[in-house]
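Okay, so here's the structure we're looking at.
The structure presented is a predicted model; accordingly, all values stated were derived computationally and were not measured. Throughout, residue positions are numbered sequentially from 1 according to the sequence presented. Just the heavy atoms: all of them, side chains too, but no hydrogens, waters or symmetry mates, feed the values below.
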Amino acid sequence: MSKVCQLFSGSSGNSILISSKGHNFLVDIGVSAKRCENALLNIGVAPESIDAVFITHEHSDHCKGVRVFASRHKVPVFAAADCYERMMSSGELNEKFSSDIIDYHMELGGIEIKTFKQSHDSADCIGYRFNLPDGRSVSVCTDTGYITDHAKEVLVGTDLIFIESNHETSMVETGPYPYYLKQRILGAKGHLSNFACGEYMKELAQSGTTRFVLSHLSRENNMPHIARQTALAALNEIGLKEESDFRLYVSPPENDGRGIIL
């Protein structure tokens, strides 16, 4: 049996648990180590049982608690090359625990991990696909201005995906953010909009994806019901029906105690 759970989601912090065949991985720890530990304990997972932490990029809402958590629990950390170098130079990674560069592909505990390039404005932002021992696959695709060709190549047929549905474009355009920040969010190196998310979900559904978790929603520029309705409308456009053809979830900023069993 495999289980996934978004512990935290959004600009205040991100972390995802992927659990399969006795192995527990975290993708990002963008909150304090203590908050991450408490979130794990709340769903019955011992922090010391984490086998590895995989980092998407070096922004604080994705790596804030990594150094303390990894040092405390002796957990290895993996990141893309430029991200790894940036985190080492800033002290977010150090010699008190094992850390290494993840290339395109690796295997750990019988789980195959593939990475793909994202377009976010960071040193080296990547997404992940985890091919689990039971034949299922789970992917994390957040923090990207658009879906890259590399992502499309790797994500074909994934069973479940945590996919960014960051903002409603009209809310960004008419909101209080300064012009430069609006341009950053809406640009090619920013974040994925509800509409762009929905359009790509159609491609994924046609390749076999049946579970979608809308992630990294902006508190200022989005609303959960708007993100959900946009995604639902996109999948309905291609004739798919919720519950019979797919399941759709929206991640709250902090986990409400539920995980997803695959």
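For the residue pair Q118 and T56, no side-chain donor N or O sits within less than 3.5 Å of a side-chain acceptor on the partner. One side chain, N24 or S49, offers a donor N or O that lies under 3.5 Å from an acceptor on the other. Side-chain atoms of E164 and T142 form no donor-acceptor pair, as typed in the model, at a separation below 3.5 Å. A donor-acceptor pair shorter than 3.5 Å can be found between the side chains of S139 and T158.
Within a 6.0 Å sphere centred on CE of M223, other residues, nucleotides and ligands contribute 12 heavy atoms or fewer. The number of heavy-atom neighbours closer than 6.0 Å to CZ of R228, taken from other residues, nucleotides and ligands shown, is above 12. A 6.0 Å sphere centred on NZ of K189 holds no more than 12 heavy atoms belonging to other residues, nucleotides or ligands. Under a cut-off of 6.0 angstrom, the local environment of CG in D149 is sparse, with at most 12 non-hydrogen atoms contributed by other residues, nucleotides or ligands.
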- prompt: Hey, mind stepping through H73 and E37 against side-chain hydrogen bond (donor to acceptor under 3.5 Å, both in side chains) and telling me if it holds?
  reply: CA-CA 10 Å; H73 301 290; E37 290 162 353; 2.8 Å; yes

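Of the residues listed (S20, S137, S19), the one engaging S2 in a side-chain hydrogen bond (donor to acceptor under 3.5 Å, both in side chains) is S20, and it is the only one. A side-chain hydrogen bond (donor to acceptor under 3.5 Å, both in side chains) with N222 is found for one member of N166, N194, T230 and no other, namely N194. In summary, of the residues considered (L192, L186, L217), a side-chain contact (heavy atoms from CB on, under 4.5 Å) with H167 occurs for L186 alone.
The backbone N or O of K117 lies less than 3.5 Å from a partner atom in the side chain of H150, making a donor-acceptor pair. A side-chain donor-acceptor contact under 3.5 Å links N236 to the backbone of L240. In this structure a side-chain-to-backbone donor-acceptor pair under 3.5 Å is missing from T144 to I147. Looking only at distances, a side-chain donor or acceptor of S119 sits under 3.5 Å from a matching main-chain atom of G145. Of the possible donor and acceptor atoms, none in the side chain of R129 sits under 3.5 Å from a partner among the backbone N and O of K114. The main-chain N or O of K241 is found under 3.5 Å from a side-chain atom of S244 such that the two form a donor-acceptor pair. Of the possible donor and acceptor atoms, one in the side chain of S15 sits under 3.5 Å from a partner among the backbone N and O of D28.
Grouping the Ile, Leu, Val, Met, Phe, Trp and Tyr side chains by contacts below 4.5 angstrom, directly or via other members, places I126 apart from I55. Criterion: ILVMFWY side-chain heavy atoms under 4.5 Å apart, direct or through other members. Under it, V77 and F25 are not part of a common hydrophobic cluster.
Pairs passing the side chain to side chain donor-acceptor pair (under 3.5 Å) check and including a residue from residues 87-96, sequence neighbours excluded, read S90-E92.
One finds no salt bridge joining R211 and D159 here, because no Lys/Arg side-chain nitrogen approaches an Asp/Glu carboxylate oxygen to under 4.0 Å. Salt bridge absent: E242 and R247 never bring a charged side-chain N and a carboxylate O closer than 4.0 Å. Under the 4.0 Å criterion applied to side-chain N and carboxylate O atoms, D124 and R86 are not assigned as salt-bridge partners. Residues K182 and E173 are not paired through a salt bridge, judged by the lack of any N-O separation under 4.0 Å between the basic side chain and the carboxylate.
Under the 4.5 Å side-chain criterion, counting only non-hydrogen atoms from C-beta, Q183 is in contact with Y179. At least one side-chain heavy atom of L248 sits less than 4.5 Å from a side-chain heavy atom of L232. Using a 4.5 Å heavy-atom cutoff, the side chains of I161 and V213 are not in contact. Residues I50 and L17 are in side-chain contact: their nearest non-hydrogen atoms beyond the backbone lie under 4.5 Å apart. P133 has its side chain within reach of I111: a pair of non-hydrogen atoms, C-beta onward, lies under 4.5 Å apart.
Between Y146 and H120, the distance from one ring center to the other does not fall under 6.0 angstrom. Checked against the 6.0 Å centroid threshold, F54 and F130 count as a close aromatic pair. Under the 6.0 Å cut-off for aromatic ring centres, Y249 and F212 do not qualify, their centroids lying 6.0 Å or more apart.
The CZ atom of F8 sits 10.5 Å away from atom NZ of K64, with the distance rounded to the nearest 0.5 Å.
Evaluation of the side chain to side chain contact (heavy atoms under 4.5 Å, CB included) rule for D61 yields N14, H59, H216 as partners, not counting sequence neighbours. Taking S32 as the reference, K34, R35 meet the side chain to side chain contact (heavy atoms under 4.5 Å, CB included) condition, with sequence neighbours excluded.
Between L160 and I260, the shortest heavy-atom contact is CD1-CG2, 3.9 Å.
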